Amino acid sequence: MTTRITRDELAARIAADIPEGAFVNLGIGAPTLVANFLPDDEEIILHTENGLLGMGAAPEEGRIDPDLINAGKQPVTALPGAAYFHHADSFGMMRGGHLDVCVLGAFQVAQNGDLANWSTGAPGAIPAVGGAMDLAIGAKEVFVMTDLLTKQGEPKLVAECTYPLTGVGCVTRVYTDRAVFDVTADGFAVRELFGDNTLDELRELTGLDLKEQA
Amino acid sequence: MTTRITRDELAARIAADIPEGAFVNLGIGAPTLVANFLPDDEEIILHTENGLLGMGAAPEEGRIDPDLINAGKQPVTALPGAAYFHHADSFGMMRGGHLDVCVLGAFQVAQNGDLANWSTGAPGAIPAVGGAMDLAIGAKEVFVMTDLLTKQGEPKLVAECTYPLTGVGCVTRVYTDRAVFDVTADGFAVRELFGDNTLDELRELTGLDLKEQA
Amino acid sequence: MIDRTVGSAVDAVAGIEDGSTVMIGGFGRAGQPVELIDALIDSGATDLTIVNNNAGNGDTGLAALLAARRVRKIICSFPRQSDSWVFDGLYRAGEIELELVPQGNLAERIRAAGAGIGAFFTPTGVGTQLAEGKEIREIDGRTYALEYPIRADYALISAFRADRWGNLVYRETARNFGPIMATAAATTIVQVDEVVPLGELDPETVVTPGIFVDRVVAVGERAWLDEGTFVGGVTIEGTPLDTEGSTR
Amino acid sequence: MIDRTVGSAVDAVAGIEDGSTVMIGGFGRAGQPVELIDALIDSGATDLTIVNNNAGNGDTGLAALLAARRVRKIICSFPRQSDSWVFDGLYRAGEIELELVPQGNLAERIRAAGAGIGAFFTPTGVGTQLAEGKEIREIDGRTYALEYPIRADYALISAFRADRWGNLVYRETARNFGPIMATAAATTIVQVDEVVPLGELDPETVVTPGIFVDRVVAVGERAWLDEGTFVGGVTIEGTPLDTEGSTR
């Protein structure tokens with residue numbers, strides 16, 4: 001079976017691409033793992049949209065502060081150099097293009113950079129969007145972290161999203177368990193293949209005319 | 001000669017109409033005199049649009065703080081209970097209708113409440129508007145403080161403003177040296193006559209069909 | 001003398017009419033004005049439109065208000081959570097109306113109401129279902145949707161400390177929607193841990209000036225603080241750890 | 001390690017190109033970044049568009065930049081003051097372009113640029129000369145004019161203290177335009193009295209988070225402060241009273 005790196009390996013791979021000094025928002029779910037792999041000796045400033053720059057790791061048991069949480073409502077800490085602000089300021093920061101990187105999960109990413117990650121559109125599902133649409137269109141670089149295929153084997157990289165969109169043309173790079181893809185004017189370009197994955201195999205899995213990295 | 005009250009008397013008259021607890025902005029120039037007549041035993045909170053609520057009196061010589069000024073760029077103090085904020089927040093406060101009263105000077109006030117107080121429209125004059133337009137449309141009550149007539153004897157209460165407008169239909173009451181006028185749906189209504197001024201005399205001076213107070 | 005303090009949460013929410021639009025602060029549990037919500041439930045006010053980021057957690061606070069069938073409509077960004085069973089049930093049964101708004105548009109629409117902005121063009125949501133039917137315009141090469149203010153009759157928020165003029169300071173990420181909701185409601189009602197003497201709040205650090213605040217009630221210190229200092233010893237729900245141990 | 005501090009005002013303004021749009025903080029003299037403006041004058045950059053509330057006072061700071069003929073256009077709300085003789089002369093001679101904007105619209109347009117808002121409907125100025133030619137719309141019974149963001153290549157602002165991440169706190173009404181200009185410029189340059197160690201600024205009281213700041217230079221304490229405490233002894237221009245006495 002072809003190489004599929006683990007979630008932690010993928011998080012580490014993404015972390016390696018985040019430069020020191022970057023302002024970064026890690027979306028709810030798998031993207032939060034990226035924080036575990038940011039280098040201890042570099043300063044990367046995490047933003048959480050509920051009003052904090054300079055977010056630190058989870059507190060120890062007994063030191064949980066219910067007033068200090070992340071966007072996933074998990075307890076966090078604040079680093080020296082942190083700042084608190086209200087929701088309008090926080091989303092102004094995002095929408096105004098001040099974040100360098102955000103990392104989001106996805107149901108689908110289209111070759112033009114469209115992102116679908118908030119709703120499967122299934123009848124009867126309760127819709128919930130949170131800050132996903134703001135993050136998708138706000139950050140300078142929008143990284144998606146996902147498996148290449150769904151559990152049912154359907155590709156998440158697609159010609160056009162069939163799920164409801166989160167943002168139009170907003171994704172800049174997709175990190176999957178098999179390869180890293182840049183979104184270019186010509187569609188997806190393979191930036192890096194993990195293990196024994198080949199371009200031909202990825203083309204077959206996705207049905208897309210994937211480009212070699214320029 | 002008919003009674004004309006002094007600037008200080010007029011300021012005192014306006015001050016008497018400001019209830020305890022009101023948030024008040026006093027425009028640059030004569031309106032700032034109103035502060036001198038606010039009762040010491042009542043709390044009225046002064047706003048200055050350059051970012052302070054809870055403005056206090058001028059400091060003593062030697063205690064001037066160049067970082068603490070009013071909209072007229074004069075040194076002021078801050079009372080216990082004061083708060084500082086930036087310009088967007090300050091003007092949001094005004095535009096959002098949170099101030100109870102502002103007191104402004106005027107070149108002309110029209111009987112529909114139009115205000116002209118920022119430009120004479122004279123050729124060659126350097127235009128400057130500052131916060132006048134925001135104050136005019138922002139406060140719940142817009143009081144004008146002015147002489148009834150210009151130095152040339154022209155009435156400042158007019159059927160229609162001939163000077164460039166500051167705001168449309170925004171003035172609620174006009175305090176002059178001869179009388180106090182409410183702006184009503186039917187035009188100016190005399191609220192109070194000072195000394196021996198008569199309604200007929202004021203009608204003659206202004207050429208307007210001034211109403212008696214309902 | 002200006003004194004916006006009232007003696008109890010019951011007094012604080014007095015007069016909230018049936019059919020009111022009520023903003024409720026908080027992001028999840030952080031900053032949720034639990035005592036005010038409980039008093040609102042006790043007041044009996046019904047047919048409410050609620051504006052909140054979420055739609056209630058567990059069985060307390062906003063979830064309890066929903067469970068009491070007092071809410072006709074909720075305007076929020078993220079109703080579905082692991083513990084939003086009360087909302088989920090009402091929604092599936094068709095017993096509550098939902099207006100779903102991306103979180104940044106929700107915040108900006110609230111801010112616009114407070115700041116006297118008639119409408120604004122936002123890039124968020126453009127090209128998605130949540131911008132369907134909205135006015136779309138390209139400005140300087142980017143596409144925007146027109147969004148309108150969200151106003152309320154009442155805002156119920158939670159802050160850390162207040163003075164009698166209603167000046168507020170918040171604590172950490174419990175600040176969230178409080179400062180903007182305070183500006184957008186005709187009547188803003190605040191619960192705080194403590195009311196301090198006038199002049200004790202540093203004017204440089206006041207986040208919500210008293211001009212935006214109508215009523216303040218002190219509800220006592222949060223379980224994880226001791227005289228304002230964080231001491232911990234609670235779960236993320238704010239339950240003391242020893243209590244937690246003894247009740248499970 | 002992130003360190004946004006630079007060694008001098010000259011380093012701080014390095015690279016400002018001819019033709020740039022430069023926001024300059026301050027309301028009158030309060031919050032005017034005098035040392036940065038002096039360095040900008042020394043840098044020789046010209047053909048600038050300046051955004052400021054005023055158009056310079058006396059012969060120093062912004063007025064000196066104007067006097068040096070470096071400014072093509074100024075966007076401001078209140079150019080005419082008792083001591084704005086430099087601007088007045090240039091304007092009457094037709095040697096500077098003026099875009100006059102009501103102060104609240106100026107602030108909101110700057111804020112919109114920083115917050116990613118494409119345009120907004122404001123009630124301020126409607127029906128006046130300053131809204132002529134603008135798109136007018138009635139919303140909910142009130143009339144508004146459409147206003148667009150004001151962006152800049154650079155913002156030069158003055159704050160009280162910073163840390164090396166660029167977090168800022170201000171002092172009193174010298175805050176004015178600083179926080180919003182910091183958000184609206186591609187490069188934000190700040191002069192402060194003092195840079196303090198990371199962690200020394202209380203995160204509850206930071207007004208401008210470092211995300212909006214690119215370069216910070218410490219210029220030393222204001223004449224009316226001693227280790228951060230107000231001691232007075234100056235004129236409104238900031239000149240020590242004893243100096244004042246001896247030079248007049």
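A, B, ... follow the sequence lines: proteins, then strands. Residue 1 opens every chain. Since this is a predicted model, take the numbers as computed values, not measurements.
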Nearest heavy atoms of Pro127(B) and Leu98(D), plus distance in Å:
CG-CD2, 3.9 Å
Heavy-atom cut-off 4.5 Å, strictly under: side chain, backbone, both or neither for Arg111(D) against chain B?
side chain
For the student: nearest non-hydrogen atoms of Gly127(D) and Val168(B), plus distance
CA-CG2, 3.8 Å
Gap separating the OH atom of Tyr163(B) from the CD atom of Gln129(D), nearest 0.5 angstrom
13.0 Å
Contact part of Leu100(D) toward chain B, heavy-atom cut-off under 4.5 Å: side chain, backbone, both or neither?
side chain
In short, Gly104(D) meets Arg95(B) closest at the heavy-atom pair O-NH1, 3.6 Å
Heaviest contributor of heavy-atom pairs below 4.5 Å to chain B, chosen from Ser84(D), Gly232(D), Ser77(D), Gly125(D), is Ser77(D)
Drop me the distance from Thr239(D)'s OG1 to Ile64(B)'s CD1, to the nearest 0.5 angstrom.
10.5 Å
So which part of Ser90(B) gets closer than 4.5 Å to some heavy atom of chain D, the side chain, the backbone, both or neither?
neither
How long is the span from the NZ atom in Lys73(B) to the CD atom in Gln81(D), to the nearest 0.5 Å?
3.5 Å
Are the side chain of Thr173(D) and the backbone of Ile69(B) linked by a donor-acceptor contact shorter than 3.5 Å?
yes
For the student: nearest non-hydrogen atoms of Arg92(D) and Gly124(B), plus distance
NH1-O, 2.8 Å
Could you have a look at Gly130(B), Gly62(B), Pro59(B) and say which one has the most heavy-atom pairs with chain D under 4.5 angstrom?
Gly130(B)
Below 4.5 Å, heavy atoms only, C-beta onward: do Phe91(B) and Glu108(D) meet side chain to side chain?
no
Under 4.5 Å between any side-chain heavy atoms of Asp67(B) and Trp224(D), yes or no?
yes
For the candidates Asp89(B), Asp65(B), Leu68(B), which exhibits the highest count of non-hydrogen atom pairs separated by less than 4.5 Å from chain D?
Asp65(B)
Applying a strict 4.5 Å limit to non-hydrogen atoms, the region of Arg142(D) in contact with chain B is side chain
Rounded to the nearest 0.5 Å, how far does NE2 of His86(B) lie from CD1 of Ile110(D)?
11.0 Å
Measure distances from Val234(D) to the heavy atoms of chain B and classify the residue's part below 4.5 Å as side chain, backbone, both or neither.
both
Within 6.0 Å of CG in Asp40(B), more than 12 heavy atoms from elsewhere:
no
Side chain, backbone, both or neither: which part of Tyr91(D) has a non-hydrogen atom closer than 4.5 Å to chain B?
side chain
Let me know if Val207(D) has heavy atoms under 4.5 Å from chain B in its side chain, its backbone, both or neither.
neither
State the CG-CG distance between Asn105(D) and Asp134(B), to the nearest 0.5 angstrom.
6.0 Å
Rounding to 0.5 Å, atoms CG (Leu135(B)) and CD (Gln103(D)) come to a distance of 9.0 Å
Toward chain B, the part of Asn54(D) with a non-hydrogen atom under 4.5 Å
side chain
Pro79(D) versus Ile126(B), closest heavy-atom pair with distance:
CG-CG2, 4.3 Å
Paired with Thr128(D), the side chain to side chain contact (heavy atoms under 4.5 Å, CB included) test is passed by just one of Ile137(B), Thr166(B), Leu165(B), namely Leu165(B)
When every non-hydrogen atom of Arg175(D) is compared with those of Tyr84(B), the smallest separation belongs to NH1-O, 3.5 Å
Hey, is CD on Glu135(D) packed in by over 12 heavy atoms from elsewhere, all under 6.0 Å?
yes
In terms of heavy-atom pairs under 4.5 Å, which option from Ala132(B), Gly51(B), Ala71(B) contacts chain D the most?
Ala71(B)
Under 4.5 Å from any heavy atom of chain B, what part of Phe160(D) do you find: side chain, backbone, both or neither?
neither
Considering only heavy atoms and a distance below 4.5 Å, find which of Gly28(D), Pro102(D), Gly31(D) pairs most often with chain B.
Pro102(D)
Plane angle bin for His87(B) and Phe27(D) - parallel if under 30°, tilted between 30 and 60°, otherwise perpendicular:
tilted
Taking the side chain as everything from C-beta on, heavy atoms only, tell me whether Val129(B) gets closer than 4.5 Å to Leu130(D).
yes
Which atoms of Asp114(B) approach chain D - backbone, side chain, both or neither, heavy atom under 4.5 Å:
neither
